[in-house]
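Right, one structure below, let's go through it.
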Amino acid sequence: MDIAPAQDSQLTFRDAADADVPALVTLIESAYRGDSSRAGWTTEADILQGQRTDPDGVRQVVEAPGSRLLVVERDGALIACCQLEHRGDAAYFGMFAVRPELQGAGLGKVIIAEAERTVRDSWGVTEMHMTVISVREELIAWYERRGYRRTGRLSPFPYGDERFGIPQRDDLAFELLVKDLV
């Protein structure tokens, strides 16, 4: 399916429903794992193999209290998504995926700005938090250009839990990135 460039069509944002779960799993997997992910720049294929998520994991995000899975569509086609979770004075941003062939065209900037606006307006939060695999320097730099700052606070990668993938290196950890939304 051909998708028009970002400037030619209006994006629509909505909360995911249970019926969206299979398509969302496919989108998320395609953005991060396997050869299809190499069409974009967010691939984790060189550091992680196996799955990125599964239907149960996506469904939990869709159904959890204080959680939203924002679906992004253009001309009725699913092109991106992101998780928003209310955590007190902050919101957590995760499960961000853009179709690989559409990456690098400015969609990510638009989507993250809408996610930040949504959590400010809906929950009144003052910060957005996210975790990024610490060796993903190019991705971290992209978030820094959007106003996120590295905290140096690391949490361990769940080695041995294949629900999160099969690590191809032994130095993986998650770093907390934070942005003030006020």
Side-chain angles (χ1 to χ4, degrees), residues 1 3 6 9-34 36-37 40-44 48 50-103 105-133 136 139 142-143 146 148 155 157-158 161-165 174 176-179 181:
M1 170 188 293
I3 301 292
S9 298
Q10 192 73 4
L11 298 179
T12 58
F13 296 84
R14 65 175 175 81
D15 288 337
D18 281 342
D20 296 312
V21 169
L24 287 165
V25 171
T26 298
L27 169 68
I28 295 162
E29 291 295 316
S30 74
Y32 289 97
R33 300 290 160 71
S36 67
S37 70
W41 68 274
T42 62
T43 184
E44 295 173 344
L48 291 161
Q51 71 179 28
R52 175 70 154 65
T53 192
D54 59 29
D56 288 338
V58 173
R59 193 169 290 104
Q60 286 174 8
V61 172
V62 169
E63 296 175 353
S67 175
R68 301 172 70 177
L69 189 53
L70 202 58
V71 169
V72 184
E73 295 173 319
R74 186 187 300 133
D75 300 327
L78 173 65
I79 62 166
C81 69
C82 64
Q83 169 191 10
L84 303 172
E85 183 179 314
H86 192 187
R87 295 182 178 178
D89 291 337
Y92 178 79
F93 177 84
M95 212 174 271
F96 187 28
V98 175
R99 285 180 41 177
E101 69 274 16
L102 300 177
Q103 293 175 15
L107 283 170
K109 288 186 269 193
V110 172
I111 294 165
I112 199 167
E114 177 62 16
E116 292 165 358
R117 185 201 63 75
T118 297
V119 299
R120 268 193 318 268
D121 292 355
S122 298
W123 297 326
V125 299
T126 57
E127 288 185 336
M128 183 79 92
H129 293 184
M130 70 174 71
T131 54
V132 178
I133 296 174
R136 303 281 322 273
L139 183 58
W142 187 87
Y143 284 119
R146 313 274 96 58
Y148 288 81
S155 55
F157 186 86
D161 188 343
E162 290 189 11
R163 290 178 303 159
F164 299 98
F174 293 107
L176 176 66
L177 305 183
V178 175
K179 179 177 180 178
L181 298 179

Would you check if [X] and [Y] make a side-chain contact, meaning some heavy-atom pair closer than 4.5 Å?
X: Asp15; Y: Leu70; result: yes
X: Leu84; Y: Trp123; result: yes
X: Asp54; Y: Val25; result: no
X: Cys81; Y: Leu27; result: yes
X: Val62; Y: Asp18; result: yes
X: Leu176; Y: His129; result: yes

Phe157 and Phe174 aromatic centres sub-6.0 Å: yes
Test item: side-chain donor near acceptor, Arg68 and Ser122, under 3.5 Å: yes
Side chains of Gln83 and Glu85, donor plus acceptor under 3.5 Å: yes
Distance (rounded to the nearest 0.5 Å) between [X] [atom1] and [Y] [atom2]:
X: Met130; Y: Cys82; atom1: CE; atom2: SG; value: 9.5 Å
X: Asp75; Y: Leu11; atom1: CG; atom2: CG; value: 9.0 Å
X: Leu177; Y: Leu139; atom1: CG; atom2: CG; value: 8.5 Å
X: Thr131; Y: Tyr92; atom1: OG1; atom2: OH; value: 3.0 Å
X: Thr12; Y: Leu78; atom1: OG1; atom2: CG; value: 10.0 Å
X: Leu102; Y: Ile79; atom1: CG; atom2: CD1; value: 6.0 Å

Check against side-chain hydrogen bond (donor to acceptor under 3.5 Å, both in side chains), Tyr32 and Thr53: CA-CA 10 Å; Tyr32 289 97; Thr53 192; over 6 Å; no
Donor-acceptor contact below 3.5 Å, side chain [X] vs main chain [Y]:
X: Glu29; Y: Arg52; result: yes
X: Glu127; Y: Lys179; result: no
X: Thr26; Y: Pro22; result: yes
X: Asp20; Y: Ala17; result: yes

Whether Tyr148 and Tyr143 hold their rings parallel, tilted or perpendicular, with breakpoints at 30° and 60°: perpendicular
Residue Glu63 excluded, over 12 heavy atoms near CD under 6.0 Å: yes
Heavy-atom closest contact (Ala31 atom, Gln103 atom, distance): CB-NE2, 4.1 Å
Charged N-O contact under 4.0 Å between Arg14 and Glu73: yes
Residues Glu116 and Arg146 bridged, charged N to O under 4.0 Å: no
